[in-house]
Every structure is written in structure tokens, then in C-alpha cells.
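Everything on this sheet refers to the single structure shown next.
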Amino acid sequence: MDTIRDIWENSVGKYADLPAVRWLEKKDIKECSYGELNDEVIKIRRGLSAEGFKGAHIALIGFTSVSWVESYLAVTTGNNVAVPLDANLPEEELFELLNRSDSEALFLDEKLVGKFKEVRTECPELKQIWILKEGEEEGFDTLSDLKKTADMSDDVAGNPSDEIATIIYTSGTTGKSKGVMLTQQNLANNVAA
């Protein structure tokens with residue numbers, strides 16, 4: 001198992017009907033099986049391809065949610081590079097990291113939309129922003145919109161094991177945060193260990 005996609009597809013094959021994610025929605029416990037989660041991951045992965053994203057740095061700013069998990073897996077099991085950023089960082093620092101990471105697209109938590117009204121002005125390299133929710137959001141595309149663009153006839157090839165899978169930014173205690181580039185094999189080895 002050299003890539004995150006290899007590990008993910010192996011897990012889906014073994015545990016398709018078992019819960020992969022559980023979350024609390026109001027007072028109800030919701031769950032999504034590996035198979036159901038994989039269906040959404042594939043839609044997002046294919047949607048990214050249909051939108052022209054290949055080899056792109058794609059940022060994710062949000063809180064723990066099934067939509068965030070779907071999006072991160074879609075990026076890392078496809079042919080793009082995930083750039084997860086801490087939603088609790090100050091707005092100016094997030095804008096700077098979006099620019100320094102060369103992010104071309106952004107998945108943004110719906111709770112942060114009001115805080116990020118300036119993102120298109122401050123981050124001119126961003127070609128697309130999707131809000132991490134199903135349904136509609138005034139002035140923005142959502143995950144639902146991206147999934148609708150997916151070409152369901154063919155899946156997207158994943159990156160080889162020596163390609164970068166994600167860029168993780170350090171806490172920056174001695175200056176600016178530094179991006180640590182991790183390959184598919186780095187992540188796969190961490191999972192295997």
C-alpha cells in the first residue's frame with residue numbers, strides 16, 4: 001500500500017457496510033458507511049477534475065464535519081494536493097497562508113462565510129471556493145454544486161506514491177508558519193504504522 005487511495009479503497013472493499021463516520025446533529029447520532037462516504041468522495045474527486053483541477057493545491061478551512069472528511073479524502077485520493085488550514089487562525093494569517101501555499105481552490109466551512117467576505121480580493125489566485133455544505137449558500141458555490149459537475153463516466157487517477165499529497169503548516173513559533181510537504185507514501189506509512 002503505497003498511497004492513501006490504496007489504503008482507502010482497501011478499507012472500502014473490506015468495510016463498505018460498516019460506519020466510517022458518526023456525528024451528532026442536534027440530538028441525533030448520524031452515521032455514514034464506508035461505501036456511502038466513498039460515493040461522495042468519488043463525486044467530489046470527479047467534480048474537481050470536471051472543473052479543471054489537476055495537480056492543484058486545494059485548501060480546506062473548516063471544523064470537523066463529514067463534508068470536510070469527504071473533501072480531504074477526495075483531494076488526497078485524487079490528483080491534487082490538500083492544504084488543510086486551522087480555522088481558528090486570524091483571518092489575515094489564513095489569507096497569507098492561502099497565498100503562500102499557491103492554493104487555487106478552497107473548501108470553506110459554512111460557519112466562516114461571514115468572516116471570509118474579503119477572500120476573493122485578498123487571495124486573487126483562488127479560482128474557486130466551495131462552501132462545505134449541501135444545498136445553497138448566497139454568493140458561493142457549495143459541495144452540492146461541485147458534486148453536480150462530476151463526470152460519472154470515468155474516475156480520476158490518483159497520484160503516485162512519490163507525489164505530494166498534502167502540505168501541513170507548522171505552528172510558526174519561531175516566525176512564519178512553514179509548509180511541510182508530505183508525499184502519498186509518507187501518509188500511507190503513517191497510516192500503516
Between NZ on residue Lys111 and NZ on residue Lys133, distance to nearest 0.5 Å: 12.0 Å
In this structure, CH2 of Trp68 is separated from CG of Leu73 (nearest 0.5 Å) by 8.5 Å
Verdict with supporting geometry, Lys115 and Glu91, salt bridge (Lys or Arg N to Asp or Glu O under 4.0 Å): CA-CA 7 Å; Lys115 183 178 174 180; Glu91 184 177 323; 6.0 Å; no
If you measure only the distance, is there a donor-acceptor pair under 3.5 Å linking the side chains of Ser67 and Ser65? no
Taking a hydrophobic cluster as the set of Ile, Leu, Val, Met, Phe, Trp and Tyr residues connected by side-chain heavy atoms closer than 4.5 Å, whether directly or through intermediates, do Val113 and Leu98 fall within one such cluster? yes
Are Leu94 and Leu106 connected into the same hydrophobic cluster when the rule is that any two of I, L, V, M, F, W, Y join if their side-chain heavy atoms are below 4.5 Å apart? yes
Specify the closest pair of heavy atoms between Ser103 and Ala59, including all atoms of both residues, with the distance to one decimal. OG-CB, 3.6 Å
Ring pair (Phe, Tyr, Trp, His ring centres under 6.0 Å) evaluation trace for Phe116 with Phe95: CA-CA 9 Å; Phe116 277 79; Phe95 291 158; 5.5 Å; yes
Can you confirm whether Ile7 sits close enough to Asn10 that some side-chain heavy atom of one is under 4.5 Å from a side-chain heavy atom of the other? no
Taking C-beta and beyond as the side chain, do Ile58 and Val83 meet within less than 4.5 Å on heavy atoms? no
Could you pull out the closest heavy-atom pair between Pro124 and Asn99, with the gap in Å? CD-OD1, 4.0 Å
So, for Arg46 and Ala150, which heavy atoms are closest and what is the spacing to 0.1 Å? CB-CB, 3.7 Å
Looking at Arg5, Gln184, Arg45, which one forms a side chain to side chain donor-acceptor pair (under 3.5 Å) with Thr77? Arg45
Glu70/Lys147 salt bridge by N-O under 4.0 Å criterion: yes
Might you work through the side chain to side chain contact (heavy atoms under 4.5 Å, CB included) test for Cys32 and Trp23, ending with a clear yes or no? CA-CA 9 Å; Cys32 183; Trp23 68 97; 3.8 Å; yes
Under a 4.5 Å cut-off applied to non-hydrogen side-chain atoms, are Asp141 and Ile129 in contact? no
Are the charged groups of Glu51 and Lys127 less than 4.0 angstrom apart, N to O? no
Taken to the nearest 0.5 Å, the spacing of Glu110 CD from Ile131 CD1 works out to 8.5 Å
Checking Leu60 against Ser71 for the side chain to side chain contact (heavy atoms under 4.5 Å, CB included) test, could you report, in this order, the C-alpha distance in whole Å, the side-chain angles of both residues, the deciding distance, and whether it holds? CA-CA 8 Å; Leu60 298 98; Ser71 301; 3.7 Å; yes
Partner of Ile44 by side-chain contact (heavy atoms from CB on, under 4.5 Å), out of Trp130, Tyr72, Phe107: Phe107
Carefully, step by step, assess Ile167 and Val180 under the rule side chain to side chain contact (heavy atoms under 4.5 Å, CB included). CA-CA 5 Å; Ile167 300 173; Val180 178; over 6 Å; no
Same apolar cluster (I L V M F W Y, side chains within < 4.5 Å links), Leu89/Leu132: no
In terms of ring plane angle, is the pair Trp8 and Tyr34 parallel, tilted or perpendicular, where the classes change at 30° and 60°? tilted
Going through the checks in order, is the side chain to side chain contact (heavy atoms under 4.5 Å, CB included) test met by Glu96 and Lys176? CA-CA 10 Å; Glu96 185 205 348; Lys176 288 187 175 187; 3.2 Å; yes
Could you state the interatomic distance from CE (Met181) to CG (Asn186), rounded to the nearest 0.5 Å? 11.0 Å
Shared ILVMFWY cluster between Ile42 and Leu146, side chains joined below 4.5 angstrom? no
